[in-house]
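This report concerns only the one structure given below.
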Amino acid sequence: MYPGEDTDAPGQPPERRAGEVPERPTLDGLEAKWGAAWERERTYAFDRTAPRERVFSIDTPPPTVSGSLHVGHVFSYTHTDTIARYRRMRGMDVFYPMGWDDNGLPTERRVQNYYGVRCDPQVPFDPGFAAPTEPPEEPLSISRQNFVALCLTLTESDEQAFEDLWRTLGLSVDWGMTYTTIGPESQRISQSSFLGLLRRGVAYQLEAPTLWDVDFQTAVAQAELEDRERPGAMHRVRFGREDGGEALIDTTRPELIGACVALLAHPEDERHAALVGGEAITPLFGTRVPVLTHPLVQSDKGTGLVMVCTFGDLTDVVWWRELGLPVRPLLGADGRLVPVPWGEPGWESRNPDAARAAYSELEGRTVNQARRRIVELLAASGELVGEPQPIQHAVKFFEKGDRPVEIVTSRQWFIRTVEHQDALIARGRELRWDPPYMRARFEDWVHGLTGDWCISRQRFFGVPFPVWYPLDEQGQIRHEDPILAEEAQLPVDPSSDVPPGYEPDQRGTPGGFVADPDVMDTWATSSLTPQIVARAPSAASANRKDHGAARAGGQAVDDGDLFERVFPMDMRPQAHDIIRTWLFTTVLRSHLDYDVLPWREAAISGWVLDPDRKKMSKSKGNVVTPIALLEEHGADAVRYWAAKGRPGADTAFDAKQMKTGRRLAVKLLNASKFAIADLPPDAAAASHPLDRAMLERLAGVVTEATACFEDYDYARALQRSEDFFWWYCDYYLELVKGRRYAADPDISASVGHALRRSLSVLQRLFAPFLPFVCEEVWSWWQEGSVHRAPWPQEAELGGADGAREAAVNGSGTPAQRDLALDVVGDVLREVRKAKSNAKQPMRAPVERVLVRDTQERLDALALGADDLRQAGSIEIVHTEPGDEFGVEVQLADGNPAA
RNA sequence: GGGCGCGUAGCUCAGUGGGAGAGCGCUCGCUUCACACGCGAGAGGUCGCAGGUUCGAAACCCGCCGCGCCCA
């Protein structure tokens, strides 16, 4: 029960009031109580009038809205929040918005499964459409507009659930600044940036070989690929020659023999030198193909001779481009073999009838089906040499896909990246990386770029390209002559909006226009999160780069100079798995549009692994839901576990750490209650040597924790504070109990002073980690929120105060006082051990203690002997100089115990 | 194949040139006037292996083994 809880109306949390310490403090309910208070008092609101030098801006990762947050999110977002809270207490105005990444394939997939629908752009819009209450057996085909509406509905409820979870976790986000990547502002900025790139020739459209997912039937980007080990087979196939000879090649993709356009050998491979320059003839299809050389051919693989197809893998694309080979595409967008005209130009054959007959066995089949069949055909014709050899090999998959990516020629939008490689490496070196070794991943990725970034997707729930195409008099699309939206129009949906200079009824008519049907890759928008949160002004007609860094020449939209106050931002927190996607693309876009880094620092967090050190994933069934965690342990305890995870390091999920965190939070409640309830009178300064020594130790902790935070080492800051706090509770608080309850205010006031100072500092030291319990204990005796209180400083603890030093007599030098804490602690431990060995309670009286130690340590002991006697219930403490530390304890019952 | 990281007590981890540590778990004890969601005490380690540098190595260097990730 909290103060005032029973008198306030239900649902209305009690107003903050200082000075009341509950009889039985508890952690239960603190999340709801203080979550509501922070909202009411706008504790974390960003002050838009703050000058840039006082702003600390954070480019928070917008979590993908496709179901639920998992414990890995809780982990890394907590790291960011500890930094945000630290900076806020340091007096910074923290710009800390939250976003939701809701556009893109994950949402489409979720909507498909949740409602049992599929998007079919051919289906007309149904204004009265309502989603089925139960997903039907067969997916329902619905229009693009209805599909997008369902996506918006579902993401909205998901986003509310996400926000609730983040509030319960205690993220100190300004919830008045939330954005979504499908929202109008994101669309405007995304389209505006795209148009700028297009005008400057940095974005371009090209009909080209493109990585293609045959299930989603969309282009995908290099960054979205992953290798998966899959079983395959190496087939040795005999090609013919005009002179009747043969050429043997090895391939894992015999189904593409019909698409073969050349054979290649390494230029220095003597074995095939005679063949090079001549021609070979494909089996089954009888097509003549040239035999050429290229340095990328690996002579040690198979026969050293490879076939180049349209297109079996990315290397085929390189060869096709560099050797100027023709195309012979066999694969359709759905991953099946398309009909082709054998015998006609481009599909020449020595025997078109045989080619047609063989191909009829393959046409319309999937890649796998065609592969099985062609192996049978090759075996029957004697052109398969030996048996296929089973192998394990890495196959490229779209990271969200179920079948290997294919390479299909199609018209797509690209952003130039390859020519900026050097500049991007240089940007990566300007950036501060935490931990520093993460930069290697960025450089690896940039060095490995093989093509420009394909940003168009043949999907539905995304930001559309703000582009239409004119139709000529025959109704043919003139792709080379796109009509661009005007800045003032943005955001536009070209499928419903009309381009400048046209009428709506000209859509799809000869001489009229059609919309670009594609949407942007989700990263094409996510890469602009700094611009989105900062509400980047439109570029208008001028391009941004012409106006210099971070100073767009265009008109402000509605937030005036917010952009200039927060951009470039201070920190980008994110996990290491999306360095090649989110981090890379954000650096790229900022470089291209503003010629500047988007942020000063990238703080890279690790993953949460299950106790077997495997990545947590739904398919393994080892996912822990954050809500259950928060309910079981409480937000502060979960945050404690997260904050123990060092920057960049993967961390095993460990509920025991949460129990430890809860223990710490409970300890803070009880220690605060002990210290604050019936506080002794205050003094101008601590006069007792042990009080002063404790404060001096704490000053050292403050210095260290501050340095850790400045170095982004929140975990060590917590560790140092915690180490001190447990010592403080176990030794200091026990030692001073006698003086704390002393009737003489001259004695108790020194403790009163020390307790006030230390508790205040400790509550603030823990505030970034345990925001709920710290706010609770702070509210018992202080005005305002602890999260708006100043970060503690050494000077508060009177450490280096020369005047005060002189005013207090008999408390030794700082070194002697600190030693006194050690020696008193050592002796107390021995006394406790004696009682423990004698199976006596700790309060059991001790008749006599003899301490043998060096004179220096005995002198120090004298400074705290009174407190030692009290804490150990010791009658007399004798000392005896010696070389070795030793303690003899005489318990009051007469039995020597040690 | 290249790169990065990791390997310390049963578990999770801290410790970067000079005493091998913490929490949890385990054993024993204590209803001590803030706290039994507690307190006290104790047991437990050849610091992955091998070599080198050094007066001195868990730490620095070299090699190997194992695990994870990124890239090809």
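Throughout, protein chains are lettered first and strands after them, A, B, ... in sequence-line order, and every chain is numbered starting at 1.
Distance, A/L718 CG to B/rG23 P: 14 Å, rounded to whole Å. Distance, A/E734 CD to B/rC35 C1': 10 Å, rounded to whole Å. Distance A/F674 CZ to B/rC39 C1': 14 Å, rounded to the nearest Å. Put simply, CD on A/Q657 is 15 Å from P on B/rA22, counting in whole angstrom units. Whole-Å rounding puts the A/Y731 OH to B/rC39 C1' distance at 11 Å. Separating the CZ atom of A/R24 from the P atom of B/rA34 is a distance of 13 Å, rounded to the nearest angstrom. Rounded to whole angstrom, the span from the CG atom of A/D650 across to the P atom of B/rU12 amounts to 14 Å. Taking atom OH of residue A/Y640 and atom C1' of nucleotide B/rC24, one finds them 10 Å apart after rounding to whole Å.
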Under the criterion ring-ring contact (aromatic ring centres under 6.0 Å, His included), I'd like the reasoning laid out for A/W523 against A/F584: C-alpha separation, chi angles, the key distance, then a yes or no.
CA-CA 10 Å; A/W523 296 111; A/F584 166 74; over 10 Å; no
side-chain contact (heavy atoms from CB on, under 4.5 Å), that's the test. Do A/R662 and A/D636 meet it? Break it down for me.
CA-CA 7 Å; A/R662 189 173 177 88; A/D636 284 337; over 6 Å; no
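Across all strands shown, B/rG5 forms a Watson-Crick or G-U wobble pair, both distances under 3.5 Å, with B/rC67.
Ring pair A/W727/A/Y731 is parallel by interplanar angle, where below 30° counts as parallel and above 60° as perpendicular.
Nucleic acid contact for A/K656: base, since at least one base atom lies under 4.0 Å from a heavy atom of the residue. At the heavy-atom level, A/R662 lies under 4.0 Å from base atoms of the strands shown.
Side-chain N/O atoms of A/S836 and base N/O atoms of B/rG40 include a donor-acceptor pair closer than 3.5 Å.
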